[in-house]
S.K.: 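My structure is below; once you've seen it, I'll send some questions.
Computed from heavy atoms alone, side chains included, the values below leave out hydrogens, waters and symmetry copies. Below, chains carry the letters A, B, ... as their sequence lines are ordered, and counting in each starts from 1.
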Amino acid sequence: MLIAGVVIETLPGRAPEVALRLASRGGVQVKGGDGDRRLAVVVSAASGAELERWAEELVRDDEAVLGVFPTYVGEDERA
Amino acid sequence: MTTLSRRSFLEASAAASALAALGGVHGVKQAMAATAAGGESWVKSVCRYCGTGCGLFIGVKDGKVFAVKGDKDNHNAGFLCLKGFLLPQILTAPDRCLHPLVRKEGKLVRASWEEAMSLVASKFKESIEKYGPDSVAFYGSGQGLTEETYCANKLFKAGIRTNNVEGNPRLCMASAVAGYVTTYGKDEPMGLYEDIDHADVILLVGSNTAEAHPIIFQRVVRRKETGRGVKVIVMDPRFTPTSRIADLHISFTPGNDLAILNAMAHVLVKEGMVDEGFIAKHVAFGEGTEVNKSFDDYKAFLAEYTPEKAAAIAGCRPEDIVTAARWFGERGKAATSMWTMGLNQRTKGVWANNLVHNLHLLTGKIGTPGNTPFSLTGQPNACGGVRDGGALSHLLPYGRLVANDAHRAEMEKLWGVPEGTLKPKPGLSTVDMFRALEAGEIKCLYIMCTNPGQSLPNVNRYRKAMERADAFVVVAEAFHPTRTSELADVVLPAALWAEKEGVYGCAERRYQLLEQAIPPAGEARPDFAILCDLAARLGHGKLLPFKTPADVWAEILTICKGTVYDFSGMTRERLKQAHGLLWPLPTPGHPGTKRRYVKGDDPLVPADHPERILFYGRPDKKAVVWLRPQRPPEEVPDAEFPFFLTTGREIEHWHTATMTRNCKELANTNLESMAQLHPNDARKLGVRAGQSVRLTSRRGSQVFRVKVTDNAKEGVIFIHMHDPDRMCNVLTIDAVDPVSRQPEFKVCGVRVEKA
Amino acid sequence: MTRNFFIASLTVVLGMAALAAAAPQRPAAKGRGKTAAPAVVKPAHPEVDPAEACDACHAEVTPQVHQEWFAGRHGMNNVKCFVCHGSVGADFVRRAPVERCIGCHGEQVASMAHPVMAGKDCFSCHPPHLLSPHRLARGVTGGAQ
C-alpha cells in the first residue's frame, strides 16, 4: 500500500469546492488548503500505477483541477 | 511498529510534505488552521447570529456541516458564544423550507419554482401597472448578505422605481444611526472592539451585553480582570447577568435615562471635568435641529439637571449619578460607552443616543484608544448591508440620501439609469409601510429573511394587514412555518448561511466574507439568485446582470468609491485572505481603519491636519453636543395599566427564535416567554411562580406564566421576544421616534390579572 | 419545579439514560404540531421546564457543581451546562468529549492528537466546572479561557 502526499492545483477560488468533491471519495484525505487554488491531500493506493491513474483521472474529470503534484510517497509494506 | 501506527506515520509525513509545499503567501499556518485531518474541510465564515460578527470556521465532512470553531485570528480570538457553537443544527432543522409554496384555496401548497416566481412576477407587474410603483414594497433584513440587500435595493429603487424599501434595522438600529448622523454628520461608530481592551471605565447603558452580545461581554470581563482599577457602570432597570460585573449598577424607572445622562453631564461641567480645549476646537452646540447654541447656553440648559432632580425623576440615588460621572470624567482615564436596544427602541431614542455622545465630546474622550461611544448592533449585517448599503426608504447606498438631488443624480449615473429614474420622495418607513398595507395602499410586499409577523410592535394589528385578501405577501425564508410565512401568499425557500456566499458587516465597520461550505438544502436558492430571477421576470434583468455574488461585490466597490465609506480596496481576494477588514479602506494595499476621524489612522483625514481629530462628517467639521431634555416615553403606567412592560432577550435565543429553537439544547431552555415579576409585585398580585397571568395593554392581551425574580425591578415586568407562541409584541406599542421612526419596544403600560 | 437532591444525584449516576427520559415535548411553533420522540428509558430526572435553563434548578440541587461553574470562566461568560453536556434526552453526555470543546478551544483540541495526550481528555487536567487553567499549560497558552 502506497501513501502519498500531493498538492492539487485548481482554478483560482475553486479549491474549497474541489475539496468537497474529494472528501466524498474513499482513499483520499484533504489535509489543508489555501482557501483559493491549492490543496494538500493524502492519497492511498495499491500501487504506483494506481496512484498515477487516480491523478490522471482527477485532472481529466474535474474541470477545476489544473494539476496534481506529488510531494511524498511512502510504502506501508505490511498492508 | 504496528501497521496502524506505521500507516499513521506515513500519512502524517505525506500530509506534512504536501502542506509544506503549499507554502507561498497563503502559508502552511493558514492551511493548518483552515483544515484538519480526516477528510474534513474548514471553511472560513462568520456567525449567523448577532451583530458582534464573530469569525468562525465551518467544519464540513461528507458534504455536511458537522461543527464550527472560532477563528483565532479574528476579533473574537477563537471564542464563540453558546448559540454560535450550536449553529450546525440550524442547517438540517426539520422546519427548513425545502420547496416553494403557493397559497391555493387558503392553504399553502407545494409548487415549482417556475409557478411560484411567475405568480410573484405577475402580481407585482399587475400592481405596478394598475396602482403605480409605490403600491409595492420590499421589507428586508439585517441578516441578508450585503450583495443580496444591494440587489433588492437597486431593483426596487432604480428598476421598479419605488423608495418603499425598508428592513428590520428600522426596528433595531435606526436611532443609533440618527444619533451618529445628528452628532457627527455621518453614520457608524468611530471606534472598534479593541477600545474595550484600553478602557478604564466602561459604561453599559440600555444593553444586556452578557446575554445579547456575549463575546463582547467576555472582552469586557477580560479587561476588568487584567486592567488595574477598571470600573464597569451598568445602567438598566433590571439587574441582568451583565450587572454581575458592575462596580455600579444604576436601576431606574424605564424611560428616565435621559435625565440621568444629562445629570452626568451636569456633574462633569460643575466639577470641571470637561476638556475646554477639545470643545473649543471640535464641538458645536445645538437644540432641536439647529446648531445655533453656545457652551454657555448648554451650561444654562444643564443647570436644572442636578443629580438630585434626575434621581427623583428616575427613581435612583443621586450619589450614584455623581459617582458614574466622576468615574467617566476622571482625567487620564479612558472611557468607552456601549449601548443598544435600551436606548434605540424608544420614542426618544435619537435623543438618548445624542446624550451619550455628549459625555464623550464634553470630556474629549473620543478617538484615542479606549475612548469611544460605541453602538452595539443586533444583527450580523444591519450595518454592512442595510445601513451602509442604504437599503432604507430614505437612503441610497453609502451615505447618500433619497431627498438629495446630487446624490440621486450620482446614483443614476453609477447605475446607468436615465436621469429622473430615482424618485426624490423618501418611501415609507417600516411601521408606516405596514400601515399602508393595512390601508390597502400597498398591494404587494416582498419580505426577505425576517419575521415581522412576530417582531413588529403591536403585532396583531399588522398581522391582520398581512392577512388582507387583497394584500399579496411574498416571504423568502429558510424556515417554514414562521409567524410570517404562515401568513404569506407565496413562500420562497431561501438558502441559509453556510449554503451561500456573501459579505457581512458587523458593528465595528468590519466586513467579512462568508464562504459557501455546502450546497443549499432541498430546492432552496440563495436570495441573490431569487432576486436576479425576479428582476429578469419584471423586465429589469439589465439592472441585475450578475452571475455570482462576487460580480455584485465588484459593482459595490465602484459605488462606495469616493464616499466616506470608501472600501474600494476591499477586493474579494483580500476578503478571502483576511479575517475581517475595517473600512475606510480606499486602496488595495490599505490596512483598514481602526479609528475614524483620527489623523494617521483614517485615510480621509489629511496627513497634515493640525489636530489629532477631524470630524469631517459635518460642514463645520465639528461634532454637536445637543441640548436634549428629559421627556417621558409615549405611554407610562396609569390607573388602568399600572405596570411598565419592557421587552428584551435571553442568551439562549435569537430574535424570533426561528433558528435557535431548532437547536436541541436551546429548544429546552428559556424559549417560553414568561412574565418576569419582582417578588413584591408577585406578592401584591397574589401570584406564584409558574402560575398563569393575563397581561393586557391598550393594544392586546396575552397569557404568560409567571417567573418571580429578584433581578426584576418593582413595577416593571420583563418579557423576552423569542417565543413564537406567546408574543410580547401583542402588547408593545407601535409609537415611533419622530426622527429615526424606530418603535418603542422598551416601554409601555400593562395590567396584570390572574388567568 | 421539583427540587430533589436525591434524584439529581441519581441523574449523575445514571448519566444519559436518566436525562433521556426528561426530554419534554418540543415547544413547537403554531401550526407545526411537531413533538420530539422521547427515548424510552427509566424516568429519573424531573421533567425539564423549557422556560428555565439547567442552572436555575442546579443552583439548589447540586450547589457545589453550580458554584464551581458559576465562579469559573464558563459561568462568568454564560457558557451554560448544555454547551458541554448536550441537551436532555439521548443527547445528554456526562463527560464532554473533546469535540464538544472545539467551538472555542480549537487549537487545544487539535493538540490532543499529540501522542503524550493519548488516553486523556480536557478534564484530565482541567477540573470540570471550575475549569481552572492547569499550571503547566499556563505559560504556554496564556491560560485556557
S.K.: For B:R244, check salt bridge (Lys or Arg N to Asp or Glu O under 4.0 Å) against everything at least two apart and list the hits.
M.R.: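 By the salt bridge (Lys or Arg N to Asp or Glu O under 4.0 Å) rule, B:R244 matches no residue at all.
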
S.K.: Using non-hydrogen atoms only, which part of B:V68 is less than 4.5 Å away from chain C: side chain, backbone, both, or neither?
M.R.: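 Only the backbone of B:V68 comes within 4.5 Å of chain C.
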
S.K.: Heavy-atom distance under 4.5 Å to chain C: side chain of B:L82, backbone, both or neither?
M.R.: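 Both backbone and side chain of B:L82 come within 4.5 Å of chain C.
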
S.K.: What part of B:L666 is in contact with chain C, defined as an atom under 4.5 angstrom from a non-hydrogen atom: side chain, backbone, both or neither?
M.R.: side chain

S.K.: Examine whether an atom of B:I245 lies under 4.5 Å from a heavy atom of chain C, and if so say whether it belongs to the side chain, the backbone or both; otherwise answer neither.
M.R.: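 Just its side chain gets close to chain C.
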
S.K.: So, does B:Q691 use its side chain to make a donor-acceptor pair with the main chain of B:R688 at under 3.5 Å?
M.R.: yes

S.K.: Is it the case that B:S485 and B:H480 place a side-chain donor and acceptor less than 3.5 Å from each other?
M.R.: yes

S.K.: As an exercise: rank B:M674, B:E650, B:K72 by heavy-atom pairs under 4.5 Å with chain C and give me the winner.
M.R.: B:K72

S.K.: Salt bridge between B:E486 and B:R103, side-chain N to carboxylate O under 4.0 Å?
M.R.: no

S.K.: Regarding B:R219 and B:D197, does a basic nitrogen lie under 4.0 Å from an acidic carboxylate oxygen?
M.R.: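 Salt bridge between B:R219 and B:D197, a charged N being under 4.0 Å from a carboxylate O: yes.
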
S.K.: Any idea which of B:E672, B:H720, B:E665 has the most non-hydrogen atom pairs under 4.5 angstrom with chain C?
M.R.: B:E665

S.K.: Could you work out, with ring pair (Phe, Tyr, Trp, His ring centres under 6.0 Å) as the rule, every residue matching C:F123, not counting sequence neighbours?
M.R.: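 Checked C:F123 against ring pair (Phe, Tyr, Trp, His ring centres under 6.0 Å); zero matches.
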
S.K.: Using heavy-atom distances under 4.5 Å, tell me whether B:K664 contacts chain C through its side chain, its backbone, both, or neither.
M.R.: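 Its backbone and side chain both get close to chain C.
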
S.K.: So for B:L86, is it side chain, backbone, both, or neither that comes closer than 4.5 Å to the heavy atoms of chain C?
M.R.: side chain

